[in-house]
Amino acid sequence: MNLARRRALLFAVGGSALLTAGCMTKPLRPANADGTYCFRIGKSYRPTLTCTPVPIPSESIEADAKRFEPAPGKLTVYLVRKRWGDAKNVVRVDSGGASAVDTVPESFARWRLPAGSHRLAVTWPEGSATLDIAGAAGEVVFVEVIGSVWVWGSNYRLERGDAAESRQRAMSLRLVADVG
């Protein structure tokens, strides 16, 4: 093999490795000693942490939730929170009937609600928003918690998510609540 061909092959292999390294997901942070989970912003010696107020479910419950199976006789709602501009607040999502769920950036939650119509409400320190959903027993619904945080404030909304995209997005996230 001549030198030019070797160099071209080396650059092609090296470039491919460099480009695919960006596609790798970062490993999930473990739960804290008290069972809570913190999303970390920054790599400095003083990172900004956004932590759940209560302990998160175990890894075995998280593995079960990541199968995205319906619950018999219940409407299963997955709340998925992963957006590039959302990196700070603990955001509470409430259905009016079941326990409220507190989410942190790059997390998801599973709710098993009675079949029928529900009004979900998201609240954060500066506001609130709602989304009406409906589903039958044995159905799985994905709801995206979409937020952006800026120096001058933050804004959130709820949107019904595409099942395939939301499922894929949730696979790299930490389960922070399992209700029902």
Side-chain angles (χ1 to χ4, degrees), residues 28-29 31-32 34-39 49-150 153-180:
L28 292 174
R29 292 178 45 82
N32 299 327
D34 64 355
T36 60
Y37 173 73
C38 296
F39 173 74
L49 298 175
T50 303
C51 302
T52 60
V54 296
I56 64 172
S58 69
E59 290 182 12
S60 62
I61 293 173
E62 182 173 323
D64 177 58
K66 286 183 176 178
R67 287 197 294 269
F68 306 106
E69 295 173 342
K74 298 275 188 171
L75 167 63
T76 304
V77 178
Y78 282 92
L79 299 169
V80 180
R81 184 175 170 196
K82 181 180 180 170
R83 297 295 172 152
W84 71 270
D86 176 19
K88 183 179 174 188
N89 299 317
V90 174
V91 173
R92 176 165 278 206
V93 183
D94 192 359
S95 72
S99 298
V101 172
D102 292 314
T103 65
V104 296
E106 295 194 18
S107 68
F108 79 104
R110 177 173 64 175
W111 250 343
R112 288 176 295 272
L113 301 170
S117 298
H118 300 275
R119 174 165 280 177
L120 304 182
V122 60
T123 56
W124 65 98
E126 297 147 352
S128 64
T130 61
L131 173 71
D132 292 325
I133 63 164
E139 189 177 350
V140 175
V141 173
F142 289 88
V143 175
E144 297 273 345
V145 180
I146 299 171
S148 57
V149 177
W150 302 98
S154 55
N155 190 30
Y156 292 89
R157 71 181 187 278
L158 298 171
E159 284 185 8
R160 188 126 182 197
D162 176 68
E165 289 178 17
S166 296
R167 207 179 254 128
Q168 183 178 8
R169 193 174 283 128
M171 288 303 291
S172 65
L173 305 179
R174 176 66 72 191
L175 178 70
V176 294
D178 187 32
V179 179

Backbone N/O of Trp111 and side chain of Lys74: donor-acceptor pair under 3.5 Å: no
What's the spacing between Asp178 CG and Ser99 OG if we round to 0.5 Å? 11.0 Å
Nearest 0.5 Å, please: how far is CE in Met171 from CZ in Phe108? 8.0 Å
Using a 3.5 Å distance criterion without hydrogens, assess whether the side chain of Trp124 forms a donor-acceptor pair with backbone atoms of Ser154. yes
Counting neighbours of CD on Glu139 that are heavy atoms of other residues, nucleotides or ligands and sit closer than 6.0 Å, is the number greater than 12? yes
Reported CD-to-CG distance for the pair Glu159 and Leu131, which is rounded to 0.5 angstrom: 8.5 Å
Donor-acceptor check, side chain of Glu144 to backbone of Gly161, threshold 3.5 angstrom: yes or no? no
Shortest non-hydrogen contact from Thr130 toward Ala121: CG2-CB, 4.1 Å
Between Arg112 (side chain only) and Ala71 (backbone N and O only), is there a donor and an acceptor less than 3.5 Å apart? no
Which heavy atom in Ala115 sits nearest to a heavy atom in Ala137, and how many Å separate them? CB-N, 3.4 Å
Heavy-atom pair of closest approach, residues Leu120 and Ser95: CD2-CB, 3.8 Å
Minimum side-chain heavy-atom gap Val145-Leu158 below 4.5 Å: yes
Worked check of side chain to side chain contact (heavy atoms under 4.5 Å, CB included) between Asp94 and Thr123: CA-CA 8 Å; Asp94 192 359; Thr123 56; over 6 Å; no
Stepwise side-chain hydrogen bond (donor to acceptor under 3.5 Å, both in side chains) check, Tyr78 with Arg169: CA-CA 11 Å; Tyr78 282 92; Arg169 193 174 283 128; over 6 Å; no
For Leu75 and His118: C-alpha separation, side-chain torsions, deciding distance, then whether side chain to side chain contact (heavy atoms under 4.5 Å, CB included) applies. CA-CA 10 Å; Leu75 167 63; His118 300 275; 3.9 Å; yes
Among Thr36, Thr52, Asp102, side chain to side chain contact (heavy atoms under 4.5 Å, CB included) partner for Val176: Thr52
CD (Glu59) with more than 12 external heavy atoms under 6.0 Å: no
Counting only N and O atoms by type, is there a donor-acceptor contact under 3.5 Å from the side chain of Thr50 to the main-chain atoms of Lys88? yes
Could you check whether any side-chain N or O of Asn89 sits under 3.5 Å from a backbone N or O of Val91, counting only pairs where one atom can act as donor and the other as acceptor? no
Would Arg81 and Leu173 satisfy side chain to side chain contact (heavy atoms under 4.5 Å, CB included), going step by step from the backbone distance to the final call? CA-CA 8 Å; Arg81 184 175 170 196; Leu173 305 179; 5.9 Å; no
Any idea which heavy atoms bring Ala177 and Val101 closest together, and the distance? CB-CG1, 3.6 Å
Answer with yes or no whether the side chains of Tyr156 and Arg83 bring together a donor and an acceptor at under 3.5 Å. no
When every non-hydrogen atom of Val104 is compared with those of Cys51, the smallest separation belongs to CG1-C, 3.8 Å
In Å and rounded to the nearest 0.5 Å, what is the CZ to OG distance from Arg92 to Ser128? 13.5 Å
For residues Lys82 and Ser172, determine if any side-chain heavy atom of one lies less than 4.5 Å from a side-chain heavy atom of the other. yes
Taking all atoms of both residues into account, what is the closest heavy-atom pair of Glu62 and Leu175, and its distance? OE1-N, 3.4 Å
